[in-house]
Amino acid sequence: WDAFGMPAENAAIAHDSHPATWTSQNIDNMRTQLKRIGFSYDWDRELATCKPDYYRWEQWLFLKMYEKGLAYRKESFVNWCEPCQTVLANEQVEAGMCWRCGKPVRQKNLSQWFFKITDYAEDLLVYSDKLPGWPDKVTTMQKNWIGKSIGAEIEFLIDDPVKDRQQTISVFTTRQDTVFGATFMCLAPEHPLVLTLSKGTPEEASVQAFVERMSMQDRSAKTVENFEKEGIFIGVYCINPLSGGKIPIFTANFALMEYGTGAVMCVPAHDQRDFDFARKYGLDITVVVAPDDHDLDGTTMTEAYTGQGNMVNSGNFNGMDNTRAQEDIASYLEANHIGKRTVSYRLRDWGISRQRYWGAPIPMIHCKTCGIVPVAEADLPIVLPEDANLLAGGQSPLPELDTFAHTKCPKCGDPEARRETDTMDTFVESSWYFERYCSPHYNEGMIDKEAVDYWMPVDQYIGGVEHAILHLLYSRFYTRVLKDMGLVKYKEPFTCLLTQGMVCKETAVCPEHGFLLPEEVAQGNNGQNACTKCESPVTIGRVEKMSKSKKNVIDPNILLNEYGADTTRLFCLFAAPPERDLEWSEQGVEGGFRFLNRVWRFAAKHMAIIKDAPPYTGRLDHLSGDVKDLYRKTHETIQRVTRDIENRFHFNTAISAVMELVNVLYGADKASSAPEWPGVARFAIESAVVLLAPIVPHFSEEIWAEMGHAESVLLASWPGYRDDALVEDDLLIVIQINGKVRSRFNVAVDASDEAIKQKALSDERALKFVKDKRIKKVIVVKKKLVNIVV
RNA sequence: GCGAGAGUGGCGGAAUUGGUAGACGCACUGGACUUAGGAUCCAGCUCUGGCGACAGAGUGGGAGUUCAAGUCUCCCCUCUCGCACCA
């Protein structure tokens, strides 16, 4: 929860999103929550002013992108649930079934809108290595997602003596050195040539049935590993352009329409997947790369050979090293117009069409005579209708809503035109909100260049790892588009990125009732955990991300009521550095609470004395004893906390530094009769309070006011430390014998290396370990240690 | 399968450039104060042996570099995360 003590779920909405992305449902939720805590905010004004503007400029940019071909419409395969009439995201498909109705999901070819992010694939990839402020984890995830492969596109002529089609099939490969070993070809089931080529062949009917069956197959990652490779001969052959061999064309479920050209040349001897397929269907296996140390035989080998070697069965290229053949064959293909070097990316264009009510409507109009026509700029924004029925099970109400969908063609004036009823992915909105935040009410254009020049790029961006790819990559793409349109001057929106960890907790499972809430688990008398509903023994499962479905959640209100928001926040920050996952523990909260009380009690006890004392900020060497130590510790604490927060966001060590200071304060308590005590104690407490203010603001504010400050602690300047106050009275020197610590002694700060060495060599405890052994060498590390090598 | 990250006490976690491993906190143990303590204060708390002084071992395992390795190099193991029939 945030500074207002709002539960995380709503805080996330408040912090994450621009009002334009809010749905009516979560706005109502927000209203209720904020009312509950007595926070007033003019939502209607915010929505009335922000939302249409936000839509206007987002749609304006869409039109610009459409003009440049960066926004386009194409057919694409989606997960489709027929009973629900909706498109499903991959995570909404469970074992091939729709999560809502449980009926099978099929692949459907649907016309959708896309952003051409692939135009920027190379640039996004190159700059992934130029983001030093980002965690490597995220940049490598992005690089893998973009997935660059260097290879060649090769044309295979279709062998069709009857119809004599001079048509070729294009394949993409990264192993053009193995073309001679391509003994069959596979097309993705969705590949358009599958049905056209098989037409009229004896296989036609079975191929059609196969393609239909594959369209029902669940393509989600979970089931894909259990997939059996299957395929079917489509009744037509093609010619291997290098070996001249006639090779069968299959369609197979492991060929993906989305990658490369949707067609694969299969080299079973050197690709495991092709090998499995060839063995299953009894296809030829021709070895073309021979390893140095053993012989390969296509009829007997048990797995594909993917290593290096020399070319065999490859005509003029025989005997050549295969890495060299990689280049030479590519050149040969280009010289003979059979193929060309090319680069393929895994990254696909960004599908932005959503069949939903929320999100900015795509500003396009479909006309029977003119086709797809953009909305005139002057007619923007196209806003969502307020009278839509949102209750129809998951479907968008927009296509059915005539007041919205029915319109006039801006080109020919046909009154029977229809608006595009797809809305934009809300990721579009989150791809530029940070630019809009620079001047949310600016209306001369999409982006206020002056404001953006001043504020952007974002110095420090914070979010969960779940955004590592989609949001962060889309934002980088969108920013490049804005740059190319001259709206911003930079390519990268976020200079530094911190991905915070998740809050985790163990799960509890009852054999009767499934997952249990923590309060539904009771300690039985036999020490076993039992379900409060049925008394069956409860299994404590692994620690997982807190989620409503697993019920391993903590109701924030309980903690807020018992300890308050400050304690709870202190614990969250203290338990682990922010980038790491945090395992929730109840006792830890107690510890944080104890610490705050400890600070409070100390301040209260000494308040009368320190209240009117000016804080001591003078030299260290004017002090002595415990007061001196306290003063030094205070400066050291300021230094540590500043460094930990400013450079690394390591609040856990910052808090522990203040805890140490408080421990020293308690230890120095007995010196409270010293004349310098009030000033030094005041400086120490005041510093501790300001250092804690970002972490426990209410608590700090309270003590701050008690100490007589009229202004808020939030307005106090961050304390600075004096270098001369960090100086120790004497140094602790460690004596090692052969690298093992054997003794230690104190020495004056200004002692010379030679004096330290001599003192170490006369140290009795150390000498015990030297005994009669000969001293070979003595190493003195300045102001730290002496290592005696014997 | 590919890629990335991480393995430190009973637990969460500390440890600038290689230089006292275990800061700080939790839990636990003992003591003080107290009618009481689930409050507070003080102390102990890596493991093994020993009453103790002390000794030995110790940062997933194994080698190596170095006067010196949690930290650097190589190999292996385990876990987490991401991608995944990517041609």
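Quick note on labels: first sequence line is chain A, next is B, and so on, each numbered from 1.
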Partner set under salt bridge (charged side-chain N to carboxylate O under 4.0 Å, His left out) for D753(A), not counting sequence neighbours: K782(A)
Polar side-chain atom of H191(A) near backbone of L193(A) as donor-acceptor pair, under 3.5 Å: yes
Neighbour count above 12 (heavy atom, 6.0 Å) for K280(A) NZ: yes
Between the protein and nucleotides 1-3 of chain B, are there any N/O to N/O pairs under 3.5 Å, and if so, what are the atom names and distances?
{"residue": "G3(B)", "atom": "O2'", "partner": "N144(A)", "partner atom": "ND2", "Å": "3.4"}

Of the listed nucleotides C83(B), C41(B), G5(B), the one nearest the side chain of D136(A): G5(B)
Pairing residues for S687(A) by the side-chain hydrogen bond (donor to acceptor under 3.5 Å, both in side chains) criterion, not counting sequence neighbours: none
N or O in side chain of S149(A) less than 4.0 angstrom from A87(B) OP1/OP2: yes
Contacts of Q500(A) that satisfy side-chain hydrogen bond (donor to acceptor under 3.5 Å, both in side chains) - sequence neighbours left out: none
Residues that K768(A) engages under salt bridge (charged side-chain N to carboxylate O under 4.0 Å, His left out), provided they are two or more places apart: none
Sequence-aligned protein contact record of nucleotides 14-33 of chain B, with B where the base is within under 4.0 Å of a protein heavy atom and S where only the sugar-phosphate is: SSBB-BBS-BBSSS------
All side-chain hydrogen bond (donor to acceptor under 3.5 Å, both in side chains) counterparts of R744(A), not counting sequence neighbours: none
N/O donor-acceptor pair under 3.5 Å between R348(A) side chain and E258(A) backbone: no
Distance below 4.0 Å between R348(A) side-chain N/O and C86(B) OP1 or OP2: no
Non-neighbouring partners of Y563(A) that pass ring-ring contact (aromatic ring centres under 6.0 Å, His included), sequence neighbours left out: F593(A)
side-chain hydrogen bond (donor to acceptor under 3.5 Å, both in side chains) partners of D349(A), counting only residues at least two apart: Y72(A), T118(A)
I'd like a table of atom pairs between the protein and nucleotides 70-75 of chain B - only N or O on both sides, under 3.5 Å - with the distance next to each one.
none

Note: E230(A)-R213(A) ion pair, threshold 4.0 Å (strictly below): yes
Ring-face cation of R346(A) near Y259(A) (centre distance under 6.0 Å, axis angle within 45°): no
Pair E153(A) + R341(A): basic N to acidic O under 4.0 Å: no
Structure string for RNA chain B in dot-bracket form, Watson-Crick and G-U at under 3.5 Å, | interchain: (((((((..(((......[....))).(((((.......))))).((((....))))..(((((..]....))))))))))))....
Letter per nucleotide, 5' to 3', of nucleotides 52-66 of chain B [B base touched, S only sugar-phosphate touched, - untouched; heavy atoms, 4.0 Å]: --SSSS---------
Proximity of F651(A) and F574(A) rings by center, below 6.0 Å: no
